[in-house]
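Okay, structure first, notes after.
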Number of protein chains: 2
Amino acid sequence: MARNRPYTCGLDAAIDVVGGKWKATVLWTLEDQGPLRFGELRRRVPGVTEKMLIQQLRELEADGLVHREIFHQVPPKVEYSLTDYGRTLEVALRPLGDWGHANMARIEATHP
Amino acid sequence: MARNRPYTCGLDAAIDVVGGKWKATVLWTLEDQGPLRFGELRRRVPGVTEKMLIQQLRELEADGLVHREIFHQVPPKVEYSLTDYGRTLEVALRPLGDWGHANMARIEATHP
DNA sequence: CAGCATCCTCACCGATACTG
DNA sequence: CAGTATCGGTGAGGATGCTG
């Protein structure tokens, strides 16, 4: 998304990966609630549309952060989970998540 | 930017604050190189336009993360620095920055 | 030097409808 | 159930020019 290459610091690169509108929530949900199939994930990310969820998942998958497992059944079943690489990102994200949690009231106040 | 209120996790809120295209770089630069005046900051954030730098700075200031000190001189001088609150965010961002730094090659590879 | 004011573009995202 | 396809609005972001 951000697209200021070459990156001037690691932060740019990281934000580029996780800055999508729903990516943070998706990563957090997958970490928090284990592997989930598409419909379950959709229900746990309130407000997201099918199109956006799929798009964000595909990008996360292309970045190697999310694993997509297809079960050839009827009806179809696809399960999403974090990869090891994705888990390293989740760990790196945790302090930021804590910060946001701790300052949420302030953030909501100053943000239109 | 992200605008999925109410936030489902602290991460959403944090990304909302720091997800702007140049905000991460600005915060990182201000932390790394002490207080800077506008022109200096501009030179240290390659590729940013005046308009965008000002806009991002104003938002960071409104969020209480950046302090703007005006020196009434001719020629004018304005100095930007992190607030204490801003420094807490910088600390929370450090692991993410390290992650991005460590995986930069991989990120650049998979990102169009 | 440090900004503000405009105009404009494009990709981000939402809504809707259809399919294997 | 888990997608794909298409259309269109909107606003972030860029280019340019002017000012205190």
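Fair warning: this is a prediction, and the values are worked out from it, not measured in the lab.
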> Is the phosphate of D/dC1, meaning OP1 or OP2, less than 4.0 Å from a side-chain N or O of A/Arg37?
Replying inline: no
> Between A/Pro76 and B/Glu50, which is nearer to the 5' end of DNA chain C once each is assigned its nearest nucleotide?
Replying inline: B/Glu50
>> Of the options D/dG13, C/dG14, D/dT4, whose atoms approach the side-chain atoms of A/Met52 most closely?
In response: C/dG14
> What does B/Glu40 touch in the nucleic acid at a heavy-atom separation under 4.0 angstrom: a base, only the sugar-phosphate, or nothing?
Replying inline: nothing
> Nearest-Å distance, CZ (A/Phe38) to P (C/dG20)?
Replying inline: 18 Å
> Which nucleotide in the list C/dC13, C/dG3, D/dA15 gets nearest to the side chain of B/Thr49?
Replying inline: D/dA15
> Atom CD of B/Gln56 to atom P of D/dG14: distance rounded to whole Å?
Replying inline: 9 Å
> Choosing from D/dG13, D/dG3, D/dA15, which nucleotide comes nearest the side chain of B/Lys21?
Replying inline: D/dG13
>> Can you tell me which nucleotide in D/dG13, C/dA2, D/dG3 comes closest to the side chain of B/Val78?
In response: C/dA2
>> Expressed as a whole number of angstroms, how long is the span from A/Leu36:CG to D/dC1:C1'?
In response: 15 Å
> Reckon A/Arg68 touches a base, only the sugar-phosphate, or nothing at all at heavy-atom distances under 4.0 Å?
Replying inline: sugar-phosphate
> Roughly how many Å is it from CD in A/Glu79 to P in D/dA2, rounded to a whole number?
Replying inline: 10 Å
> Do A/Glu90 and A/Arg87 sit within salt-bridge range, that is, some charged N less than 4.0 Å from a carboxylate O?
Replying inline: no
>> Whether A/Gln55 contacts C/dG14 is assessed here as follows: a side-chain N or O lying under 4.0 Å from the phosphate OP1 or OP2. Is that the case?
In response: no
> With a cut-off of under 6.0 Å to the ring centre and 45° to the axis, is B/Arg106 in cation-pi contact with A/Tyr85?
Replying inline: yes
> Checking side-chain contact (heavy atoms from CB on, under 4.5 Å) for the pair B/Thr29/B/Leu36: CA distance, chi angles, key distance, verdict?
Replying inline: CA-CA 9 Å; B/Thr29 305; B/Leu36 291 173; 4.0 Å; yes
> Quick one: A/Ile54 CD1 to D/dC1 C1', roughly how many Å, whole number?
Replying inline: 11 Å
>> Expressed as a whole number of angstroms, how long is the span from A/Leu57:CG to D/dT4:C1'?
In response: 15 Å
> Measuring from A/Thr110:OG1 to B/Glu59:CD, what's the distance to the nearest 0.5 Å?
Replying inline: 10.5 Å
> CZ/A/Arg58 to CG/A/Asp63 distance, rounded to the nearest 0.5 angstrom?
Replying inline: 14.0 Å
>> Expressed as a whole number of angstroms, how long is the span from A/Lys23:NZ to C/dC12:C1'?
In response: 12 Å
> Of B/Lys51 and A/Arg58, whose closest DNA chain D nucleotide lies nearer the 5' terminus?
Replying inline: A/Arg58
> Is B/Tyr80 touching bases, backbone alone, or none of the nucleic acid, heavy atoms closer than 4.0 Å?
Replying inline: sugar-phosphate
> Atom NE2 of A/His72 to atom P of C/dG20: distance rounded to whole Å?
Replying inline: 17 Å
